[in-house]
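Throughout, numbering of the chain's residues begins at 1 and tracks the sequence. Basis for what follows: all heavy atoms, side chains included, without hydrogens, waters or symmetry-related copies.
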Amino acid sequence: MFCLHRRRRKTRTENPSLHPILSNHTPEIPPENDAPLCSTCSSLNLHTILHDGVQKEHAIPLGHLTDILDKSNQCGLCNLVAIVIRRAWHLDKLPGIDIADITCALYARECGYPRIPDYVSPVFRDICHRLYIQSEKPRDVTAAIAAAQSNFLLDIQLLGEDAFRVGRTEELHGRRVGQNVDITLLKRWIHICEHEHGELCERVWWRDAGDVLPKSVRVVDVTRMAVVHAPPSCRFVALSYLWGGTGEEYWTTRANLKRRRAQGGLDISVLPGTILDTIQLVRQLGERYLWIDALCIVQDDPKDKAVQIGVMELIYGSSAFTIFAAGGTSAHDPLPGIRPGTRDPKQQIAKIQGLHLAVPLVLPREAIASSAWDTRGWTYQELMLSRRRIFLTPYHVHFECGEDVWSEDVIAERINIPWDSHPLKYGGAGGFTSVRAPPQWTDHIYMVHYMSIIGKYTQRKLTMESDIVNAVTALINAMTKGFKLAGGYPDQAFRFGMPLIDLELALVWQPTANTSCMRRIPGDGNMTPWPSWSWAAWRGAVQYSEVSLFVDAQNGGVSPWITQSLVEKWYIVDDNGQLVPLDVRRTGRMARSVEEANSSPYVIPKGDIDAQTLITENAPLRPGTLVFRTRSARFNVTKADDVVGADPEANYVTYSILSDIPRSSTLVGRVILPSSTHSPTSCEFIVLSRTDDVGGLYDEDTLGKRYLGCMLYVMAVQKMQGEQRMERVGVGVIFEHAWPNATPEQNVVLLG
């Protein structure tokens with residue numbers, strides 16, 4: 001670990017050529033290739049500023065932002081400042097923003113921390129300084145920066161080629177980025193990671209040491225230009241890219257598989273640009289084998305597809321590194337920077353006072369966030385499962401692993417010393433499934449990962465809606481193996497994308513406000529339809545949130561809390577129509593007083609479910625149906641008008657749950673329903689579990705004070721047309737002391 005509050009060393013040089021920060025003498029006529037400066041900027045001594053640094057509290061005034069923008073055509077430094085602010089603040093997208101009263105100031109601070117404790121070495125802690133612009137941000141600008149995942153800091157970097165001019169080495173300074181990718185640099189990144197990061201980046205924690213690629217997995221041999229079965233202990237590279245529609249002309253099919261197995265059998269004339277450029281890049285990097293789904297999976301063979309999808313976590317987790325084509329919208333686009341003319345980094349560099357200063361290129365995470373690649377469903381698990389990543393974007397190439405992030409425009413890779421922190425360290429895509437294996441006693445923590453994953457994954461789009469479960473199967477498989485859920489067998493741990501072991505937590509997902517209220521239709525007519533209790537059955541994004549979501553639409557986090565299980569036994573109908581008991585973990589973390597515990601009015605219904613009677617009365621039972629015993633009751637609902645941050649035009653909104661006891665229209669809970677639900681109306685609710693409380697969920701003045709675990713998680717349900725089964729309409733909470741007043745019934749629920 002490094003110390004944030006460390007003692008600064010004095011680094012002011014005795015070199016007489018370095019003048020004070022503010023120079024009173026008339027500046028010398030700059031060399032012909034130096035950019036002109038305005039009177040404010042010409043009074044700065046950038047050599048001293050970049051050598052010594054300037055504390056933020058002593059920032060040097062530059063004037064009003066409007067004046068800086070006006071001078072940007074005449075002053076080189078004002079131009080760089082203008083470029084930084086225009087881009088970072090997204091001013092082209094916010095033309096009406098008021099910047100009249102905004103002023104700017106300049107300071108310089110260290111931008112990296114070496115992994116050397118202070119007591120080990122007297123090495124300078126501020127090896128490199130960057131220029132930073134201090135300025136107040138309008139509220140709309142802050143929101144735009146957060147949405148684009150841009151850098152909140154406004155910075156300008158000195159290029160490494162001039163670092164010696166201010167008494168520094170080139171580490172952490174800027175680097176010129178050309179139109180073509182620097183292959184030598186890419187090789188260096190891979191070498192550093194493989195030889196210096198050790199097990200952290202080499203071993204995938206969810207896999208056993210003996211796991212190898214099945215013989216059924218194929219790879220492209222880029223030397224022989226053939227599609228071959230992966231050799232034993234094969235070192236290979238994987239590709240993550242966008243199909244951008246169908247691609248029958250280049251897919252591997254039953255008809256061309258035999259031909260493609262032979263040397264030279266992979267006809268390059270039919271391959272799209274992304275794949276052709278990736279093959280070239282892999283050759284340049286000195287690798288031989290490449291995995292590309294369109295070429296290595298027989299696209300018209302359902303059995304082969306199923307096998308390959310089943311080992312996808314092994315494929316991406318085993319690849320030496322994954323190449324991410326994040327620069328286009330389809331497989332026909334080029335891989336940026338591999339062929340001449342396929343990218344223009346538009347790096348802004350100016351020579352000022354003999355120093356080459358550059359506007360840093362967009363952060364890696366911003367480059368990814370702005371790509372079409374980042375919107376697609378299949379690419380999410382490819383990102384999460386890859387241990388080393390090379391991203392090619394229109395701006396630059398960057399490398400990520402479990403230990404570091406490197407990019408073409410910053411000299412941040414290890415040179416003399418490793419870095420605990422540097423300008424890009426936390427600016428990558430992130431989101432590795434988990435860098436290190438979790439302790440065995442924290443197996444329940446997988447649900448936090450699961451909830452976060454589903455929230456992010458469902459925001460993405462799929463060309464084929466029926467791929468919704470397949471496109472996250474690899475992540476589910478990795479989670480099952482890593483946390484040893486259901487003995488490590490994915491088919492027993494998950495169904496329809498839902499974890500069966502912690503079903504009570506999994507059931508309380510919520511649709512996001514603007515999600516469509518439409519069901520997904522499986523692509524294969526013979527496939528078991530996804531049941532309504534699974535998020536996979538519904539189009540659009542979902543989230544897992546705390547109960548505060550019901551009173552504040554912008555709040556909620558990702559960790560709903562279940563304090564007690566209120567369903568004694570769960571069953572599911574398997575694919576053969578048989579009723580199978582589920583091993584759902586019962587939750588009982590009640591931490592209430594004895595008095596409150598004894599006064600709990602809700603009584604858990606008990607008793608076995610007779611499978612034979614159930615089948616006789618409801619024959620045939622539909623696969624995927626959840627069967628359990630609980631209590632049901634009807635309550636009136638009406639749209640809530642006091643939810644903070646609610647969008648009245650949203651597809652899903654919060655409704656108040658009302659009871660006429662003890663007095664008319666008493667607020668007893670909240671539920672999120674489709675906005676098309678008639679208001680007011682009556683809904684049937686079934687009880688799932690007990691959860692925590694927050695103010696505003698019910699009328700405390702009438703029903704009594706809150707206590708831990710006083711709310712019941714309930715599901716609004718309705719009968720499916722022509723069936724005895726129920727389907728999910730929405731999930732909410734009801735104050736438990738309001739429940740007996742609704743004369744609840746004990747039911748065996750068939751939830752389809």
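Between the side chain of Gln510 and the backbone N or O of Val731 there is at least one donor-acceptor pair closer than 3.5 Å. Panel note: side chain Arg175, backbone Glu408; a donor-acceptor pair is recorded below 3.5 Å. No donor-acceptor pair closer than 3.5 Å links the side chain of Asp574 to the backbone N or O of Val580. Side-chain atoms of Gln299 come within 3.5 Å of backbone atoms of Ile297 as a donor-acceptor pair (strictly under, hydrogens ignored). For the pair Ser319 (side chain) and Val237 (backbone), a donor-acceptor distance under 3.5 Å is absent. Side-chain atoms of Asn470 do not come within 3.5 Å of backbone N or O of Ala306 as any donor-acceptor pair. Side-chain atoms of His191 never come within 3.5 Å of backbone atoms of Lys187 as a donor-acceptor pair (strictly under, hydrogens ignored). Judged by distance alone, the side chain of Glu287 and the main-chain N or O of Arg283 form no donor-acceptor pair under 3.5 Å. Judged purely by atom type and a 3.5 angstrom limit, Thr515 has no side-chain atom pairing as donor or acceptor with the backbone of Pro511. Looking at His396, its side chain does come within 3.5 Å of a backbone N or O of Val362 through a donor-acceptor pair.
The salt bridge (Lys or Arg N to Asp or Glu O under 4.0 Å) test applied to Arg261 returns no partner, not counting sequence neighbours. With sequence neighbours excluded, no residue forms a salt bridge (Lys or Arg N to Asp or Glu O under 4.0 Å) with Asp333. Legend: residues meeting side-chain hydrogen bond (donor to acceptor under 3.5 Å, both in side chains) with Glu313, ordered by chain and number and at least two apart, are Trp206, Lys481. Not counting sequence neighbours, Trp378 has no partner by the ring-ring contact (aromatic ring centres under 6.0 Å, His included) test. Residues meeting the ring-ring contact (aromatic ring centres under 6.0 Å, His included) test with Phe628, sequence neighbours left out: Trp570. With sequence neighbours excluded, the residues forming a ring-ring contact (aromatic ring centres under 6.0 Å, His included) with Tyr316 are Trp291, listed by chain and number. With sequence neighbours excluded, the residues that form a salt bridge (Lys or Arg N to Asp or Glu O under 4.0 Å) with Glu202 are Arg387, Arg388. Residues satisfying the side-chain hydrogen bond (donor to acceptor under 3.5 Å, both in side chains) criterion with Ser371, sequence neighbours excluded, are absent altogether. Listed by chain and residue number, Asp374 satisfy the salt bridge (Lys or Arg N to Asp or Glu O under 4.0 Å) test with Arg460 (two or more places apart in sequence, or in another chain). A search for side-chain hydrogen bond (donor to acceptor under 3.5 Å, both in side chains) contacts involving Ser318 returns Arg207, not counting sequence neighbours. Looking at residues two or more places apart in sequence or on another chain, you find a ring-ring contact (aromatic ring centres under 6.0 Å, His included) between His197 and Trp406.
Side chains of Ser330 and Leu242 form no contact here, defined as non-hydrogen atoms less than 4.5 Å apart. Between Arg218 and Leu257 there is a side-chain heavy-atom pair separated by less than 4.5 Å. Side-chain contact between Arg343 and Val397 is present, with at least one heavy-atom pair separated by less than 4.5 Å. Ile468 has its side chain within reach of Trp535: a pair of non-hydrogen atoms, C-beta onward, lies under 4.5 Å apart. In this structure, Phe391 and Trp373 have side chains that are in contact, with non-hydrogen atoms separated by less than 4.5 Å. A 4.5 Å side-chain heavy-atom check between Leu485 and Phe494 finds at least one atom pair inside the cut-off. For the pair Met479 and Ile476, the minimum side-chain heavy-atom distance is 4.5 Å or more. The shortest distance between side-chain heavy atoms of Phe324 and Ser386 falls below 4.5 Å.
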- Which is it for Glu403 and Cys193 under the side chain to side chain contact (heavy atoms under 4.5 Å, CB included) test, yes or no, and what are the steps along the way? CA-CA 8 Å; Glu403 180 72 13; Cys193 179; over 6 Å; no
- Message: Set out, in order, the CA-CA distance, both residues' side-chain angles and the distance that settles side chain to side chain contact (heavy atoms under 4.5 Å, CB included) for Val204 and Leu314, then state yes or no.
- Response: CA-CA 9 Å; Val204 179; Leu314 193 58; over 6 Å; no
- Full working for side chain to side chain contact (heavy atoms under 4.5 Å, CB included) between Leu507 and Met498: CA-CA 8 Å; Leu507 284 172; Met498 296 275 280; 4.0 Å; yes
- Carefully, step by step, assess Asn514 and Tyr652 under the rule side chain to side chain donor-acceptor pair (under 3.5 Å). CA-CA 7 Å; Asn514 291 311; Tyr652 282 92; over 6 Å; no
- Message: Go through it in stages, so that I can follow the logic: the residues are Met726 and Leu750, the test is side chain to side chain contact (heavy atoms under 4.5 Å, CB included), and I'd like the CA-CA distance, side-chain angles, deciding distance and then a yes or no.
- Response: CA-CA 6 Å; Met726 313 295 286; Leu750 281 67; 5.9 Å; no
- Query: Do Arg235 and Glu194 pass the salt bridge (Lys or Arg N to Asp or Glu O under 4.0 Å) test, and can you show the C-alpha distance, the side-chain angles, and the key distance before you say yes or no?
  - Reply: CA-CA 13 Å; Arg235 176 185 169 91; Glu194 291 187 337; 2.9 Å; yes
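A pairwise comparison of heavy atoms in Leu285 and Leu186 identifies CD2-CB, 3.9 Å as the closest pair. For the residue pair Gly377 and Tyr457, the shortest heavy atom distance occurs at O-CE1, 3.5 Å.
Electrostatic pairing of Arg389 and Glu382 does not count as a salt bridge here, judged by no charged N lying under 4.0 Å from a carboxylate O. At a threshold of 4.0 Å, the pair Lys346-Asp344 counts as salt-bridged, since one of the basic side-chain nitrogens sits closer than that to a carboxylate oxygen.
Between the CD atom in Gln381 and the CG atom in Leu383 there is a gap of 10.5 Å [rounded to 0.5 Å].
Seen from the ring of Trp538, Arg519 counts as a face-on cation partner, given the 6.0 Å and 45° thresholds.
For Tyr395, the OH atom counts as loosely surrounded, since its 6.0 Å shell holds 12 or fewer non-hydrogen atoms of other residues, nucleotides or ligands. Atom CG of Asp300 sits in a crowded spot, with more than 12 heavy atoms from other residues, nucleotides or ligands closer than 6.0 Å.
Applying the side-chain hydrogen bond (donor to acceptor under 3.5 Å, both in side chains) rule to pairs touching residues 220-232 yields Asp221-Arg288, sequence neighbours excluded.
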